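Just so it is clear, the model here is predicted, and its values are computed rather than measured.
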Amino acid sequence: MPQLEIIVDRPQRWDVPFGDAMRDEDVDQLLLVEPFRSIDPSRFPAALPMRGILKNDSRINVYQDGSIVVREGDYGNSAFLVLRGKVQVVLEGLGREVLGWQPSQKKGFVESMAAWWRSPRLPEVRDRLSAGSSWTTNNRDQVEDLAQTRVFLQDVPRVLDGSWSMTLHQGEIFGELAALTRAPRMVTVVAEGETVLLELRWQGLRDLMRRTDALREHIEGLYRENSLHVHLRETPLLAQLPSESLAAVADATIFETHGDFEWQSPVEPYAPGRQPETVMNEPLIVEEGTPCEGLVLVRSGFARLSHRFGDGHRTLAYLGKGQVYGLAETIQTSLNQEPAAMSSSLRALGYVDVLRIPQAVLEEHVFPNVSQQAIQDAAAKHAFYCTKNHCEKQSESLGAEQGQVETPLLEFLVERRLINGQQSMLIDLDRCTRCDDCVRACAATHDNNPRFVRQGQRHGSYLVAHACMHCVDPVCMIGCPTGAIGRDTESGSVRINDLTCIGCSTCANSCPYDNIRMTEVCDRHGAIAIDKTTQQPIYKATKCDLCSDLAGGPACQHACPHDALVRIDLGNLGELSRWVDR
Amino acid sequence: MISFASRRLQSVALTIVVLACVAYWTHWQGSVFEHSAFGTGYLLLAAILFLTLYNLRKKMPIPLWVTSTDWLQAHIYVGFSSAVFFGLHIGWRIPDGFIEGTLAGLYLATFVSGLVGLYWTRTIPHKLARVSEEVIFERIPRLRSRLRAKAEQAVLTTVRSAGVTTLGEFYGNRLQDFFENSRGLRYFLRPTSRLRKSLLAELTEVSRYLSEPERQASELLFALIRKRDDLDFHAALQWRLKMWLFVHIGLTYPLIIVASLHGLLAHLFDGGAL
Ligand code: SF4
Ligand code: SF4
Ligand code: SF4
């Protein structure tokens with residue numbers, strides 16, 4: 001009779017340390033340098049000691065002259081502290097070739113077929129349960145590290161010549177922005193001479209920040225500073241400003257955060273059966289009808305633009321990263337020399353970082369320095385996505401070139417925060433014959449267990465299925481203790497490293513869209529893995545990985561015979577409206 | 001993104017051009033070689049084999065460059081074209097002979113099942129989408145038993161707590177059967193809302209005799225009847241879509257076997273072209 005269960009050790013958070021070479025002596029040395037020297041170890045619980053964090057969540061990397069530490073555009077899950085030497089932060093975009101980008105390696109058709117043929121016929125079979133302890137092998141080096149990048153920049157002085165860069169020295173921290181905001185790296189950092197860096201994965205950084213006020217304030221200060229600096233440079237309206245004017249704008253810019261950064265945890269408003277949050281509960285940033293006080297730039301997150309309608313508020317648009325609010329009013333105020341009233345309200349959807357540039361600063365440093373054409377271009381560029389009703393009224397100004405959808409559809413997407421999804425699975429139920437070819441294709445390419453459920457939130461005949469949407473702000477990553485769930489460095493899709501997943505369900509509980517499934521796993525004979533200590537099954541988090549290893553892209557979309565299923569960016573209303581109007 | 005209307009237009013135009021060429025070629029063959037049956041026969045067989053390949057593609061889990069949608073489009077238009085090849089092959093006459101008759105019958109059955117399927121796959125999704133909740137076919141039995149348990153619980157609670165039996169009797173007489181049993185073949189073939197309407201009307205009727213706790217329970221029963229009927233509707237229509245495919249694919253196997261046999265015999269009796 002085949003064995004039904006197999007008793008194994010449950011994978012633990014630190015089964016796979018971030019770096020193998022972290023010795024006790026290294027940790028001792030680290031505890032002597034700032035900021036760790038000032039941290040009180042007694043504030044850490046016994047299960048999560050400060051030493052443990054440094055030993056397991058950090059690693060010491062030595063970089064040679066010209067090594068790229070982080071590349072602009074990569075997704076990174078760690079921050080760096082300069083221990084010795086210095087690094088150059090390159091603020092201006094270097095070419096992709098210079099940065100060593102390679103096209104990603106995907107399995108070809110024959111390779112994919114062969115892998116499918118060889119794969120076990122039972123569902124959720126694992127040859128290895130974790131990298132540290134497995135039932136067949138113990139092969140740590142096969143653990144993928146999505147965050148490691150070692151590319152060299154040839155001839156650094158020549159490449160950086162003329163580029164805008166700054167130098168960071170011993171004791172300075174960088175990379176915290178991308179690590180903590182789940183956003184791509186905004187700059188490239190290159191080692192100058194032999195440099196020793198401490199790399200801290202964001203779970204460790206977060207745990208240290210939680211228990212150390214000074215470190216938290218320091219990191220938040222850096223975050224604000226760097227965020228402001230880079231963001232202002234990226235804003236088209238400000239890009240042409242002479243550097244002294246830009247500096248004046250930067251000095252006067254006010255940084256604000258609205259809503260909760262860990263917005264998934266307290267309410268879980270979109271769990272099945274819950275009512276969507278109402279507009280009025282969202283943190284107000286600017287209220288309709290109040291006098292214009294300046295421009296608001298969205299740094300990250302989402303904000304809802306709404307207009308009073310009857311007794312409630314009607315959504316006009318939403319603003320995402322890089323978009324501005326109040327440009328028309330600031331121009332009008334400047335022309336009329338009296339404050340214009342804001343024509344709509346701005347509210348935080350979950351969490352949003354905004355920058356406010358006061359009206360006086362705009363009038364003194366921005367408007368006199370940019371041409372009328374540039375202002376118009378900026379207005380067009382920043383035109384928000386809006387509904388058909390709204391845009392028709394002002395087709396000459398904002399949003400004329402953007403995709404337009406009906407108000408109820410926009411309300412649906414915004415209220416449920418589906419605009420967060422960059423690769424949402426949208427099914428047109430008017431075309432879907434419920435044949436489940438999509439489900440079978442997904443199962444066949446993923447351990448015989450589909451990574452999505454063909455059910456979900458509905459608006460009319462459109463269904464947003466329970467498949468990972470590879471969000472702009474993947475809040476599922478917030479609590480993962482091992483960093484098993486993270487962004488793919490190149491594609492930005494959110495992936496789970498099966499070997500470092502300890503099955504704690506934090507990500508599944510954190511995903512506001514209920515798109516992660518915890519599954520039992522078994523060996524090749526079908527015996528279910530059971531934890532030696534608790535005698536409970538061992539789970540692994542599973543979700544859609546966008547078929548990132550397969551040539552040809554998502555199997556689900558390819559398998560749908562009726563053109564009913566698409567992977568789509570729900571934040572891009574232009575793309576959505578084209579698909580809806582096919 | 002190409003719109004459905006222009007895709008249809010392009011495909012229809014291409015199909016017409018191909019069919020016109022084939023018709024001309026057959027006509028030319030007929031005038032030169034006296035009969036064109038081998039040419040059209042092979043064309044028909046090739047079309048049928050191509051149509052069968054779609055089932056293989058569907059079984060292939062790895063995405064090929066050609067999506068299933070594109071393949072289905074080709075399947076539909078080649079399917080339509082095959083009817084013209086068939087007509088040309090039999091010379092637009094009813095075939096005599098046992099094998100030819102059987103083969104023609106099989107072909108027509110497959111073709112008609114394809115047409116019916118095309119109609120159903122284009123119309124049933126709209127009907128299903130009008131039902132408020134999306135249901136997965138395999139989960140329907142479990143959802144049904146959940147609804148039944150909820151309904152029974154609601155009725156039993158009123159009987160136990162208030163000691164009144166009006167609603168309980170109504171449930172036993174009219175609703176128990178509805179919640180416990182499947183709707184039967186007739187409903188599956190032609191689902192209607194007649195029973196739902198009549199049960200809701202009867203429950204409304206009986207409401208005037210109900211005590212307060214029973215009235216509250218009856219509110220829940222109203223919702224459960226609607227949900228159960230929606231589930232049955234989904235079950236019937238999704239079953240039809242699955243059964244249709246089963247029949248359509250099932251017919252292709254005998255069709256290919258008999259077509260091959262017919263080809264073999266045609267060659268044998270044609271004077272040893274093999
Ligand atoms: S798991 Fe959830 S939160 Fe995370 S990327 Fe996917 S949909 Fe977004
Ligand atoms: S993209 Fe791939 S993994 Fe994701 S749902 Fe589709 S088939 Fe499954
Ligand atoms: S393959 Fe397409 S038609 Fe079939 S169930 Fe999936 S979405 Fe619906």
Side-chain angles (χ1 to χ4, degrees), chain A residues 106-117 119 427-446 448 453-458 460-463 465 547 550-566 575 577-582, chain B residues 1-8 54-55 57-76 117-140 143 234-246 248-249:
Chain A
K106 297 207 175 212
K107 279 189 203 141
F109 174 69
V110 179
E111 224 179 324
S112 305
M113 281 304 284
W116 171 68
W117 189 256
S119 67
I427 298 180
D428 181 351
L429 294 177
D430 274 343
R431 298 187 67 82
C432 170
T433 61
R434 284 75 174 172
C435 65
D436 277 337
D437 280 359
C438 49
V439 179
R440 276 189 291 274
C442 183
T445 45
H446 295 86
N448 302 312
V453 182
R454 197 175 44 74
Q455 276 181 314
Q457 312 206 43
R458 258 184 80 168
S461 58
Y462 297 109
L463 174 89
C547 294
L550 286 186
C556 49
Q557 187 173 336
H558 272 262
C560 177
H562 299 285
D563 238 338
L565 184 154
V566 71
E575 197 184 337
S577 70
R578 278 192 295 280
W579 191 77
V580 166
D581 296 338
R582 290 169 301 165
Chain B
M1 192 176 294
I2 180 165
S3 73
F4 292 136
S6 35
R7 184 175 76 185
R8 194 170 305 129
Y54 182 43
N55 193 31
R57 158 67 185 89
K58 276 163 102 64
K59 297 217 170 344
M60 194 117 70
I62 314 298
L64 289 169
W65 296 118
V66 180
T67 62
S68 187
T69 297
D70 291 339
W71 202 300
L72 178 63
Q73 288 297 305
H75 184 87
I76 291 169
L118 186 61
Y119 174 72
W120 279 345
T121 53
R122 295 294 181 266
T123 51
I124 290 178
H126 292 283
K127 293 181 187 163
L128 290 175
R130 283 208 299 270
V131 179
S132 58
E133 247 176 272
E134 185 55 27
V135 202
I136 291 175
F137 187 72
E138 289 72 18
R139 292 189 186 171
I140 291 177
L143 294 173
H234 255 277
L237 291 188
Q238 290 200 38
W239 174 81
R240 192 189 290 180
L241 284 168
K242 286 178 202 305
M243 282 317 288
W244 155 73
L245 200 60
F246 183 73
H248 185 60
I249 293 173

Examine whether an atom of A:D563 lies under 4.5 Å from a heavy atom of chain B, and if so say whether it belongs to the side chain, the backbone or both; otherwise answer neither.
both
Scored by heavy-atom pairs under 4.5 Å with chain A, the best of B:A5, B:A129, B:S3 is B:A129
Contact part of A:V439 toward chain B, heavy-atom cut-off under 4.5 Å: side chain, backbone, both or neither?
neither
For B:E134, is there any backbone N or O sitting under 3.5 Å from a side-chain donor or acceptor partner on A:Q455?
yes
Between A:R440 (side chain) and B:K58 (backbone), is there a donor-acceptor pair under 3.5 Å?
no
Max heavy-atom pair count under 4.5 Å with chain A, selected residue of B:L245, B:L241, B:I124:
B:L241
Reported CD-to-SG distance for the pair B:Q238 and A:C435, which is rounded to 0.5 angstrom:
10.5 Å
Between OG1 of B:T123 and CG of A:D430, what distance do you get to the nearest 0.5 Å?
11.5 Å
Using a 3.5 Å distance criterion without hydrogens, assess whether the side chain of A:T433 forms a donor-acceptor pair with backbone atoms of B:T121.
no
Can you check whether B:R130's main-chain N or O pairs, donor with acceptor, with A:S461's side chain at less than 3.5 Å?
no
B:L72 to A:P561 - nearest heavy-atom pair and separation
CD2-O, 3.1 Å
Where on B:E133 is there a heavy atom nearer than 4.5 Å to chain A: the side chain, the backbone, both, or neither?
backbone
Below 4.5 Å from any heavy atom of chain B, which atoms of A:R431 appear? Answer side chain, backbone, both or neither.
both
At a 4.5 Å cut-off on heavy atoms, which part of A:D428 comes close to chain B: side chain, backbone, both, or neither?
neither
Side-chain heavy-atom pair A:Q557, B:T67 within 4.5 angstrom cut-off:
no
What are the two closest heavy atoms between A:R458 and B:V131, and how far apart are they?
NH1-O, 2.9 Å
Taking all non-hydrogen atoms of both residues into account, name the closest pair between A:H558 and B:R57 and its distance.
O-NH2, 3.4 Å
B:R240 versus chain A, the contacting section by heavy-atom distance below 4.5 Å:
neither
So which heavy atom on A:C560 is nearest to which on B:T69, and how close?
O-OG1, 2.7 Å
Is it true that, when you exclude B:F246 itself, more than 12 heavy atoms of the residues, nucleotides or ligands shown sit nearer than 6.0 Å to its CZ?
no
